[in-house]
Amino acid sequence: MARRRQRPCLVCGTLTRNASRCDVHQAEWQKRQDQIRGSAHQRGYDTAWRKTAAAAVTQHRAQYGNWCPGWQVPAHAATDLTADHRVPKAHGGTDDPTNIQILCRSCNSRKHNRTA
Ligand SMILES: [Zn+2]
Ligand SMILES: [Zn+2]
């Protein structure tokens with residue numbers, strides 16, 4: 001009967017035939033990875049959003065040029081345009097184009113998670 005080499009679990013040191021963790025810590029680690037992926041998705045910063053955001057910026061540029069509508073400041077020229085959720089995802093906003101506005105990076109960070 002072939003014996004696979006055992007390794008100590010990275011967390012508790014118990015010898016295991018798993019790649020790097022004992023069964024208990026393997027399961028725990030997997031759960032954490034799922035949570036990390038899940039929370040990134042919930043915040044809305046997944047691949048789909050990045051595509052939507054890039055398309056929105058491109059469309060804004062084609063229409064208005066490098067121009068930021070301003071948030072609590074008058075509209076101004078800006079090259080570092082970013083797409084922003086009018087209603088933040090955390091507050092139930094969607095990636096729908098009607099919920100996206102273009103702001104420069106500094107206006108966007110000033111606005112942060114507030115609702116426009
Ligand atoms: Zn362990
Ligand atoms: Zn701005």
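Counting starts at 1 for both ligands and their atoms, in listed order. This is a predicted model, so every value here is computed, not measured.
Here the OG-CG distance, from Ser20 to Leu10, works out to 5.0 Å after rounding to the nearest 0.5 Å. Distance CZ/Arg7 to OG1/Thr14: 15.5 Å, rounded to 0.5 Å. Interatomic distance, NZ of Lys31 versus NE2 of His25, reported as 12.5 Å (0.5 Å rounding). Expressed to the nearest 0.5 Å, how far CZ of Arg86 lies from CG of Asp96 amounts to 11.0 Å.
Side-chain atoms of His60 and Leu81, non-hydrogen and from C-beta on, do get closer than 4.5 Å to each other.
Around the Zn ion (ligand 2), the protein contributes the following N, O or S atoms under 2.8 Å, ordered by chain and number: Cys68 SG, His76 NE2, Cys104 SG, Cys107 SG.
Seen from the Zn ion (ligand 1), atom ND1 of His25 and atom SG of Cys9 lie 110° apart in angle, a value rounded to 10°.
Under the 6.0 Å cut-off for aromatic ring centres, Trp49 and His85 qualify, their centroids lying closer than that.
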